[in-house]
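For reference, the structure is listed below as structure tokens.
All values reported here derive from a predicted model rather than from experimental measurement.
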Amino acid sequence: MDSLQFCVQVATWIFLYILHSRTLRRAEISRLKEQIVDSLSSYPAWLILILNKEKISISDVENYVASAITRLDFQSENLNSYGKCQIFPTADLAELASIEINKQHLTSVSDKSRIERIAFDITSDLIENTEISYAKRMHKDNSIKMLFNEYNPELKGIICMLLILNMSYSLVKILFT
């Protein structure tokens with residue numbers, strides 16, 4: 001195998017690696033985003049189910065809500081770190097926590113429907129912002145700068161690997177000629 005064939009093979013491997021890595025990253029980002037959207041979509045109905053439970057106290061409701069918001073926060077941090085940008089607005093989760101629920105809300109049907117409407121409005125806004133951010137992230141121009149920033153560690157590894165292979169090839173050539 002001559003050096004030109006070797007260089008073409010290495011370039012092909014690099015191209016395929018970058019293509020495969022990008023496809024896997026995009027699929028995982030999409031999966032994580034859908035997981036958050038599903039959680040947000042079901043939140044208002046879930047909240048009403050919690051409020052309709054018999055013999056539930058306000059502290060139990062607050063614990064359930066805090067647990068759900070913590071889970072959403074964890075999912076959003078995971079999505080944002082994997083996507084290497086702010087796809088889900090984590091600061092906006094505080095709006096879900098700000099829904100005021102007191103003892104009378106546990107018995108009043110009109111208060112429960114008002115809480116459900118408020119929760120639905122907040123989650124709808126969060127879903128819309130997430131979808132917009134996701135679309136911007138996935139459909140932005142694939143410039144050289146964006147590719148370099150996204151694959152900076154991989155590119156450095158590839159450059160080091162090519163230098164080592166080149167030095168090894170040169171050393172073998174010197175030793176055996």
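In this structure, the separation between CG on Leu126 and CG on Asp121 is 11.0 Å, given to the nearest 0.5 Å. The CG atom of Asn102 lies 7.5 Å from the CG atom of Asp111; values are rounded to the nearest 0.5 Å. Note that CG of Asp92 is 8.0 Å distant from OG1 of Thr90, once rounded to the nearest 0.5 Å. For the atom pair Leu171 CG and Lys173 NZ, the distance stands at 12.5 Å (nearest 0.5 Å). Rounding to the nearest 0.5 Å gives a distance of 11.5 Å between CD1 of Ile118 and OG1 of Thr123. The line from CD1 of Ile50 to CD of Glu62 is 13.0 Å long, rounded to the nearest 0.5 Å.
Across Lys53 and Tyr64, no two heavy atoms sit closer than the pair NZ-OH, 3.5 Å. What you find for Val10 and Met161 is that their closest heavy atoms are CG1-CE, 4.1 Å. The two atoms that bring Ala119 and Leu96 nearest to each other are O-CD2, 4.5 Å, heavy atoms only. Across all their heavy atoms, Lys33 and Thr130 have their closest contact at CG-CG2, 3.8 Å. For the residue pair Ile87 and Ile29, the shortest heavy atom distance occurs at CD1-CG2, 3.7 Å. Taking every heavy atom of both residues into account, Lys112 and Thr107 meet most closely at CE-N, 4.3 Å.
Tracing side-chain contacts under 4.5 Å through hydrophobic residues (I, L, V, M, F, W, Y), one never reaches Leu49 starting from Leu47; they form parts of separate clusters. Under a hydrophobic clustering in which Ile, Leu, Val, Met, Phe, Trp and Tyr are joined whenever their side-chain heavy atoms come within less than 4.5 Å, directly or via other members, Phe120 and Ile127 fall into different clusters. By the rule that hydrophobic residues join a cluster once side-chain heavy atoms approach within less than 4.5 Å of another member, Val65 and Ile48 end up as members of one cluster. Taking hydrophobic clusters as Ile, Leu, Val, Met, Phe, Trp and Tyr residues chained together by side-chain heavy-atom distances below 4.5 Å, Ile122 shares a cluster with Trp46. Cluster annotation: Val37 is connected to Met138 through the hydrophobic network of ILVMFWY side chains, with a link wherever side-chain heavy atoms come within less than 4.5 Å.
Side chain of Ser21 to main chain of Ile18: no donor-acceptor pair is present (N/O by atom type, distance under 3.5 Å, no hydrogens or angles). No side-chain donor-acceptor contact under 3.5 Å links Arg25 to the backbone of Gly83. For the pair Arg137 (side chain) and Cys85 (backbone), a donor-acceptor distance under 3.5 Å is absent. In this structure a side-chain-to-backbone donor-acceptor pair under 3.5 Å is missing from Asp73 to Ile69. Judged by distance alone, the side chain of Asn80 and the main-chain N or O of Phe88 form a donor-acceptor pair under 3.5 Å. At least one donor-acceptor pair closer than 3.5 Å links the side chain of Ser76 to the backbone N or O of Leu72. A distance-only check finds no donor-acceptor pair linking the side chain of Ser108 to the backbone of Gln104 [under 3.5 Å].
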Legend entry - Residue pair Ser133, Gln86: steps toward the side-chain contact (heavy atoms from CB on, under 4.5 Å) verdict: CA-CA 7 Å; Ser133 297; Gln86 185 76 13; over 6 Å; no
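For the pair Glu28 and Arg31, the salt-bridge criterion is met [side-chain N within less than 4.0 Å of a carboxylate O].
A search for side chain to side chain contact (heavy atoms under 4.5 Å, CB included) contacts involving Ser81 returns Asn78, not counting sequence neighbours.
Between the side chains of Ser57 and Asp60, at least one donor-acceptor pair of N or O atoms lies under 3.5 Å.
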